[in-house]
Amino acid sequence: MEKETSQPHIPELFLKPYDPKASEDAIYQLWETSGYFDPNVCIEKGVTEPDAEAFSIVMPPPNANASLHAGHALFVTIEDIMIRFERMRGKRALWFPGSDHAGFETQVVYEKKLEKEGRSRFDLTREELYKEIYAFVQENKASMENQVRSLGASCDWNRELFTLDDRVIKIVYDTFKKLGEDKLLYRGNRTVNWCPKHQTSFSNLEVEHIDRTDKFYYFQYGPFVIGTARPETKFGDKYVVMHPDDERYKQYEHGQKIELEWINGPITATVIKDEAGDPEMGSGVMTITPWHSNIDFAIAQRHNLDYEQIIDWRGKLLPIAGEFSGMNITEAREKIVEKLKEKGLLVKVEEDYQHSVPCCYKCNREIEPQIKEQWFVHMKPLAEKALAALDQERFTFVTDRDQRVFRHWLENIEDWPIARQIAWGIPIPAKICTECGHGMVDLDNRIENCSECDGAVEQDPDTFDTWFSSGQWPLAVTDFPDGDDFKNYYPTSVMETGKDIIFFWVARMIMLGLYRADEVPFKKIYLHGMVRDKKGLKMSKSKGNVIAPSEIQDRFGTDALRMGLIVNNVPGTDMNLDPDKVNAYKKFANKVWNISRFVIDATHDMQTGATYTTEDAGNIQDALWANVDAITRHMDDDRFDIASEKLYHFVWDYFASELIEESKSLLQSEDAAVRASRQRLLNEYLITSLKLLHPFMPFVTEAIWQELPAHLKEDERDLLMVAKWPHS
RNA sequence: GAGCGAUUAGCUCAGCUGGUAGAGCGCUACAUUGACAUUGUAGAGGUCACAAGUUCAAGUCUUGUAUCGCUCACCA
């Protein structure tokens, strides 16, 4: 108390350490109600020139069903730094927020919830399930948005969009129709990656390959020996394939029939000569199961062979398996081997066969390739446009190693199965013929009869892969094709997102953006790495090492979290989030707080219009502006990791430790000109430091700004968030 | 199987176009009513994975080796 009365020049707030919790919410409200998140308001209020350059970012919409994790905190921080920086530099800065229905992801979450309640998704109709999930998501959406606010995101909430809003659906439907008209859409009867648990197909990207050691069996198949890791698929194998040039088998003719004894009795096998048979592999002979293998399907297509389903959609054997019918495949495997052994057809078993098995990325169960007729998009033409745009540098990567991976993927692109057999998503606007299976795009629900066979039609029960609609997100957000935002902000400036979704999302946005708008959706791609725990381990619930951003914010403050996520975090590399590191920046926030307190006190009797001594004038040039320029340059290069570190040292080691220390004696000088010059210098340093720090630590800097006595911020704006970037 | 990346202080990591190493945390000692104990000062600690090469000079460029990680992939 004694202290307080002895320092009358200092606002009371500064007499205590900085308390983030006490002010963060109010500060955010101040920003949001000011309207400055919207560049049009900035123009109206005269803080931005009407003809200023545009700078825009489309936020990767967080999943509306869950709380934010550390990865969200990272992207919010990086993007907010970019937006605040450019806004302060006078650009028309606009950040589009959104939220994602996250199709399959959310449905899985909801199914788990149902399971806990003793219910199952299969008890509900698709309409019922959709309605339930919709309600569930709406409930969580608001909480997710408030977490984004709490991180300081200066995005324009008036422009927020949900991925199931009408505007999105309209664009997605138009794209679907256009793809059909342009012959880029087809219904293929092809192998898909089928998850027997989730009852849906996946694109290749959603399949995870897990290394495993299994048994590998060799069976006598007539005169041949064949090898397989999956005996349970072998019931229908009636083709035996070998390389045409394999000398060992030259006495067999292509198409030759061979009678042989197999699992459930005698069968007739047909010899197929195909280049796919690898003479080096095992005996050089294989049988094929086209329904349940991509490679076998390709061979079957080449030779026009029959194929038959062996395993049903639930992973159980069909009647073709005879006595094994109805069994689960894993259960059946050993029994089938046992039977073949009894029949004397088991040649040998290798115990340690190492291979990688395709699995569902969600449940890790083995993917069962199945043949299913569904919608595919021809990707080659779309990829070629994207590659051309890359060659012309119409978009660039901040980290060029990502560009190589990106290019490689586009050059080897495969067709995209865009249908998912789940309820939670955008329904595919199409009719399917109940007689011939023909599919017809039908946006207006007008088609009543099959265009091929005139048979009856029914609504396609499937929904779009969530990435199909996400891939058109920048178009939807900017209101393609006629919206003002599309005209003013498309292509957007930067796409900042996790490097784990470069193919899922970034590549598709580019391809679909080019396809619909004939222009890339963004000019620069900044891919951040993953956030891990302090030991570098991936955060997961099972490991118990998940760090919730809100927890860190509570302990250290949002600004400290933001700095902890940014400093030394090199673009594109994974980073470890260590609470001790965040704590260091909590101390830093307090340091800035106390620097301000010192300067306020030291300048309380400052004369306006003081001139610099030659020494102080030199300091401004050589130290202050030199540092500002260096930091600005790093930010221009997207090296926020370096900029923030330099800034930290500039403020602490130079401004506080050197400048303020030497000022203590200078402020006592008998020469009034020296004192006045010093006061002005401290003023300049404080204002400049707060501005530089603001993109990184918006809360504490704005809180200080609001408390600053008027004489320290002459000619400055009411909110730091729209203050002019120094020395530019 | 292919591609990419990493290997620098006890821990987590920076180090751009080559000139005898830096940060945060941690550790040691001392200081302190004076903006700030969320402080200050001083200090210990590294043959920059290994080997060879280019160079007057190499964490920094080249090649190879080892270990680790990530991504992609239809090998029966």
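Proteins get letters first, then strands, A, B, ... in listed order; numbering begins at 1 in each. Values reported hereafter were calculated over all heavy atoms of this structure, with side chains retained and with hydrogens, waters and symmetry mates removed. None of these values were measured; they are calculated from a predicted model.
The side chain of A:Asn590 has B:C36 as its nearest neighbour among B:G24, B:C36, B:A76. Proximity note for A:Leu205 (side chain, C-beta onward) versus B:G24, B:U39, B:C72: the nearest is B:C72. Distances from the side chain of A:Arg597 to the nucleotides B:A73, B:C36, B:A76 place B:C36 closest.
Between the OG atom in A:Ser203 and the CG atom in A:Asp465 there is a gap of 6.0 Å [rounded to 0.5 Å].
Distance noted for atom C1' between B:A6 and B:G15: 15 Å (whole Å). Between B:U20 and B:G26, the two P atoms lie 30 Å apart (nearest whole Å). Nucleotides B:G59 and B:G18 have their C1' atoms positioned 10 Å apart, rounded to a whole Å. Using C1' as the reference atom, B:G22 and B:U60 are 14 Å apart when rounded to the nearest Å.
Residues A:Val207 and A:His355 each lie close to RNA chain B; by heavy-atom proximity, the contact nearer the 5' end of the strand is made by A:Val207. For the pair A:Met575 and A:Pro279, both in contact range of RNA chain B, the more 5′-proximal nearest nucleotide belongs to A:Met575.
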CA sep, side-chain torsions, deciding dist, call: A:Ser665, A:Gln668, side chain to side chain donor-acceptor pair (under 3.5 Å)
CA-CA 5 Å; A:Ser665 59; A:Gln668 305 298 318; over 6 Å; no
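The distance from atom CD of A:Glu206 to atom P of B:C74 is 14 Å, rounded to the nearest whole Å. A:Tyr353 places its OH atom 13 Å from the P atom of B:G1, with the value rounded to the nearest Å. Taking atom CD of residue A:Gln354 and atom P of nucleotide B:C75, one finds them 15 Å apart after rounding to whole Å. B:C74 atom P lies 20 Å from atom CD of A:Glu275, rounded to whole Å.
Under the Watson-Crick or G-U wobble criterion, with both distances below 3.5 Å, B:G34 is left unpaired in every strand shown. B:G64: Watson-Crick or G-U partner is B:C50, with both key distances under 3.5 Å. Nucleotide B:G10 forms a Watson-Crick or G-U wobble pair with B:C25, both donor-acceptor distances falling under 3.5 Å. Judged by Watson-Crick or G-U wobble contacts below 3.5 Å, the nucleotide B:G69 has B:C4 as its partner.
Contact annotation: A:Arg633 side-chain N/O to B:C16 OP1/OP2 distance is not under 4.0 Å. Distances shown here put a side-chain N or O of A:Lys664 below 4.0 Å from the OP1 or OP2 atom of B:A35. At least one side-chain nitrogen or oxygen of A:Asn576 sits closer than 4.0 Å to the OP1 or OP2 atom of B:C13. Between A:His209 and B:G1, a side-chain N or O to OP1/OP2 separation shorter than 4.0 Å is absent.
Using a 4.0 Å heavy-atom distance criterion, A:Phe655 is classed as making no nucleic acid contact. A:Arg639 comes within contact range of the sugar-phosphate backbone alone, with a heavy-atom separation under 4.0 Å but no base atom that close. Residue contacts for A:Asp578: at a heavy-atom cut-off of 4.0 Å it reaches no nucleic acid atom on any strand shown. Residue contacts shown for A:Glu661 include a base, since a base heavy atom lies under 4.0 Å away. Among the atoms of the strands shown, none is found under 4.0 Å from any heavy atom of A:Ser596. Within the 4.0 angstrom heavy-atom criterion, only backbone atoms of the sugar-phosphate kind lie near A:Phe503; the bases stay farther away. A:Val570 comes within 4.0 angstrom of the backbone, heavy atoms only, and of no base. At the heavy-atom level, A:Asn204 lies under 4.0 Å from the strands shown only through sugar-phosphate atoms. Within 4.0 Å of A:Ile502, counting heavy atoms only, lies no atom of the nucleic acid at all. Note on A:Ala656: a base of the nucleic acid sits closer than 4.0 angstrom, heavy atoms only.
Here A:Phe556 and A:Tyr585 keep their ring centres 6.0 angstrom or further from each other.
Counting heavy atoms of neighbouring residues, nucleotides and ligands inside a 6.0 Å radius, atom NZ of A:Lys646 does not exceed 12 of them.
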